[in-house]
**Q** 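Below you'll find the structure I mean.
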Amino acid sequence: MKASKLFVQTLRDFPNDAEAISHKLLVRAGYIKKLTNGGYSYLPLMQRVLTKVSNIIRQEMNAAGAQELLMPFVQPAELWQKSGRWQVYGKELMRMKDRHDNEMCLAPTHEEVITSVVDGIFTSYKQLPVNLYHIQLKFRDEIRPRFGLLRSREFIMKDAYSFHTNEESLHAEYKNMADAYTKIFKRCGLETKMVQSDSGAIGGSVSHEFMVLADTCAGENDVFYCEKCNYSANSNHAVSKLNEEHTDGGFSKLETVDTPNVRTINELSKFFNIKENCILKAVLYIASFADEDKADMPVLVMIRGDKEVEETKLMNAVNALEIRIAADDEVLKHLNTEKGFISFLGAADKNVMVLFDDSAKGMKNFVIGANKPHKHITGYNFSDITENDLKNKPEFADVSLVKKGENCTECGASLNVTRGIEVGNIFQLGTKYSKPMNAVYTDENGKTHPYIMGCYGIGVTRTAAAAVEKYHDENGIIWPLEIAPYHAVVIPVNSNDEAQMALAEDIYKKLINGGVEAVLDDRADRAGVKFKDADLIGYPFRITVGKTITEGLVEFKERKQMELLKVSPDEAVNTVIEKVSMLK
RNA sequence: CGGGACGUAGCGCAGCUUGGUAGCGCACCUCGCUUGGGACGAGGGGGUCGCAGGUUCAAAUCCUGUCGUCCCGACCA
């Protein structure tokens, strides 16, 4: 490709509306152009990157025994009503009506469609298992799309779905996919960590995420990992052993104390001169459920003062669709008190769901809100709970966020935390979709059973963006060779110099003939412009043809290295051809 | 959803306070000159100032509404 014809316009400045470095660089270097909030055109350079990522995925998925198909982007509501997700999915599901007034939606994922596709085609146990995938657009109407391709509304995803007759077969495929994923990301130049995670809107029992760990980037997930053993998990799923499992406030008797305007855990801790973990904190949430009779249900979480509520865990624990912190007026309405003094005391008749976090277990003689303004109770114990407080025995669940430095439940060592970008995920779905949709196969005895399913996703656009987050410097992108839009750029320093141009063209042709995807920067611009663009765009190799041709030398530079080498044209060409030919 | 800010040429911005019909840099086109890290000179094209109302002789500027965009918060008892 001649640079003079390449459809790209690099910008002198970073765009004003970008925050994440991958977003800034992809816009400035001319890879993407925004159409709407969370919707981008993938310009030719980007499209080449996406094609490469997709092809790596295809090769590895096919090698792992999966088959590619392609399913519709616009889907009928009927399918989603069958699976139950039409009610559950919420506003992220982009809904619309066609001209006949039929309800439709844009595909945020394809479990429903693939289930309906397989049902009726592979109906015998003899044909299973099968794994089908496609690479296609997805649309999720995110609350707040941001960070360019890292969290857009429209994006490209590879999603695969497997169908089985038994759990063992599912587990084997799950492992097979985990291995394939590790290979795929490695070939994209990315090291990933497979971490335990919450299943979210996709559902199912077991799931893992593939994270690109990068502390400096706009990763949106916190990943906890054990410093000793293999344990690692997304913060929405991570568990830990507390450092102090039994905490004692040391108060000798039960007493109601005036605590005027002492509201926060920090203030209480100072007021009573006790540690935060000797206070039982109360947080009131408002939850909504699939059952519309239970709309805006108050849920009171009691948790040890030094811990925080992990909202995904809470949603799972109470089986809610959405939760949010209660507003001041809601606290007054449901508990008849003010924030800062809330608890479950005397609330048995108030129709508030009360849940204790596991961290509250083992607390003794602690401080708790009196559930009356400006009063707390000291020296409280679980044995003090009466029928006026709770109708039933306290219910416990793990709904707290792990803190760095707490201990691994597997081996007891300390847990650490890092940021991660989720580029892939794998789920064991079981019969979550096949059962409600009545998608069944026939076994050897002629009986029908719902398919046992797994699903496996990779964010193609996000993977590319993650690579930019991970590999860049102050001058621009540093693509891994495997997914770079072009392998090399040839720069004649002075396009008016016939000898330089002739040699540059010669080198360019030899590269092309050697299987290298090369760009010849034949533009009339000065060398500085070409160098700046080459760095910004991130070509892995650069061959510069300048004055040194009188000595029979050109300049060879790898984007990821500082070093400039003076070599013969043939050596430069052969080096690039050799490196490129080592790619699969 | 709450809070803050911003919409003026492809990109980055000024002009608005104090209304008089739009400007700068980059990019683009022409000519000249230049050619190893975003040169220089001269000339040129491109914007109904997000949109809709209102006030006014006159609105990018003032008022109202609306749409869009970005950031922050959604971490608290």
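Per chain, numbering begins at 1; letters A, B, ... match sequence-line order. Note that these values count all heavy atoms, side chains included, but never hydrogens, waters or copies made by symmetry.
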**Q** Measuring only the C1' atom in each nucleotide, how far is C51(B) from G36(B)? A whole number of Å is fine.
**A** 50 Å
**Q** Identify whether NZ of Lys or CZ of Arg in K361(A) sits under 6.0 Å from the centre of the six-membered ring of F396(A) and within 45° of that ring's axis.
**A** yes
**Q** Is K34(A) touching bases, backbone alone, or none of the nucleic acid, heavy atoms closer than 4.0 Å?
**A** sugar-phosphate
**Q** Going 5' to 3' along nucleotides 71-77 of chain B, which nucleotides have protein heavy atoms under 4.0 Å from the base (write B), which only from the sugar-phosphate (write S), and which from neither (write -)?
**A** SB-BBBB
**Q** State the pairing partner of C62(B); accept Watson-Crick or G-U wobble contacts with both distances under 3.5 Å, and report none otherwise.
**A** G54(B)
**Q** Nearest 0.5 Å, what's the CG-CD distance between L565(A) and E571(A)?
**A**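 These two atoms lie 8.0 Å from each other.
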**Q** Can you find a side-chain donor-acceptor pair between E244(A) and N277(A) that sits under 3.5 Å?
**A**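 Note: E244(A) and N277(A) side chains meet the donor-acceptor criterion.
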**Q** Does the structure show a Watson-Crick or G-U wobble partner for C49(B), both distances under 3.5 Å? Name it, or say none.
**A**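 Base partner found: none.
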**Q** What residues, two or more places apart in sequence or in another chain, satisfy side chain to side chain contact (heavy atoms under 4.5 Å, CB included) together with A282(A)?
**A** L300(A), M302(A), I342(A)
**Q** Can D222(A) and N234(A) be said to form a side-chain hydrogen bond (donor to acceptor under 3.5 Å, both in side chains), step by step?
**A** CA-CA 6 Å; D222(A) 283 327; N234(A) 190 312; over 6 Å; no
**Q** If we take the C1' atom in both G20(B) and C6(B), what is their distance in whole Å?
**A**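 Roughly 27 Å separates the two C1' atoms.
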**Q** Starting at atom OH of Y40(A), determine the distance to atom P of U69(B), rounded to an integer number of angstrom.
**A** 11 Å
**Q** Say you pick atom P in C72(B) and the same atom in U18(B); how far apart are they, in whole Å?
**A** 34 Å
**Q** Just checking, is any N or O donor in the side chain of S359(A) or D357(A) under 3.5 Å from an acceptor N or O on the other one?
**A** yes
**Q** Checking base pairs now: Watson-Crick or wobble, both atom distances under 3.5 Å. What partners C16(B)?
**A** none
**Q** What string of B, S and - do you get for nucleotides 37-42 of chain B 5' to 3' if you count protein non-hydrogen atoms under 4.0 Å?
**A** BBB---
**Q** If the C1' atom of C29(B) is compared with that of G19(B), how far apart are they to the nearest Å?
**A**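 Roughly 36 Å separates the two C1' atoms.
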**Q** Return each pair, listed once, that meets ring pair (Phe, Tyr, Trp, His ring centres under 6.0 Å) where at least one residue sits in residues 548-570 of chain A; pairs must be two or more places apart or across chains.
**A** F541(A)-F556(A)
**Q** Take the protein atom CD1 of I286(A) and the nucleotide atom C1' of C1(B), then report the distance between them rounded to whole Å.
**A** 14 Å
**Q** So, H376(A) and T259(A): side-chain donor and acceptor under 3.5 Å apart, yes or no?
**A** yes
**Q** Checking all strands, does K33(A) fall into the base, sugar-phosphate, or nothing category for heavy-atom contacts under 4.0 angstrom?
**A**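 Here K33(A) touches no strand at all.
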**Q** Distance check, C1' atoms only: G46(B) and G32(B), in whole angstrom units.
**A** 24 Å
**Q** In this structure, how many angstroms lie between the C1' atom of C26(B) and the CZ atom of F14(A), rounded?
**A**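 Spelled out: CZ on F14(A) to C1' on C26(B) is 15 Å.
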**Q** Starting at atom CG of N37(A), determine the distance to atom P of C67(B), rounded to an integer number of angstrom.
**A**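 Rounded to the whole Å, the gap is 15 Å.
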**Q** Can a cation-pi geometry be assigned to K24(A) and F14(A), taking NZ or CZ under 6.0 Å from the six-membered ring centre and within 45° of the ring axis?
**A**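 Yes, K24(A) and F14(A) form such a contact.
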**Q** Using the P atom on both, measure A77(B) against A5(B) and round to a whole Å.
**A** 27 Å
**Q** When rounded to the nearest Å, what value does the distance between P atoms of C28(B) and U66(B) take?
**A** 42 Å
**Q** For G43(B), what is the paired nucleotide under Watson-Crick or G-U wobble rules, both distances under 3.5 Å?
**A** C29(B)
**Q** Sorted by first residue and then second, give each ring pair (Phe, Tyr, Trp, His ring centres under 6.0 Å) pair with at least one member in residues 21-42 of chain A; sequence neighbours left out.
**A**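 Sorted pair list: H23(A)-Y40(A), Y31(A)-W479(A).
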**Q** I need the CG-C1' distance between N16(A) and C26(B), as an integer number of Å.
**A**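 Taking atom C1' of C26(B) as the reference, CG of N16(A) is at 15 Å.
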**Q** Taking atom P of G36(B) as reference, at what distance in whole Å does atom CG of D497(A) sit?
**A**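 So the CG-P distance, D497(A) to G36(B), works out to 10 Å.
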**Q** For the pair made of CD in E330(A) and P in C1(B), what is the distance, rounded to whole Å?
**A** 16 Å
**Q** State which residues pass ring-ring contact (aromatic ring centres under 6.0 Å, His included) with Y486(A); sequence neighbours excluded, sorted by chain then number.
**A**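 None.
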**Q** Is there a Watson-Crick or G-U wobble partner for C6(B) with both distances under 3.5 Å, and which nucleotide is it?
**A** G68(B)
**Q** Could you identify the nucleotide paired to C75(B), looking across every strand shown and requiring Watson-Crick or G-U wobble geometry with both distances under 3.5 Å?
**A** none
**Q** Go ahead and name the base partner of A22(B); Watson-Crick or wobble counts if both distances stay under 3.5 Å, otherwise write none.
**A** none
**Q** Can you tell me how far P in G43(B) sits from the matching atom in G23(B), rounded to whole Å?
**A**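 Result for the P pair: 15 Å, nearest Å.
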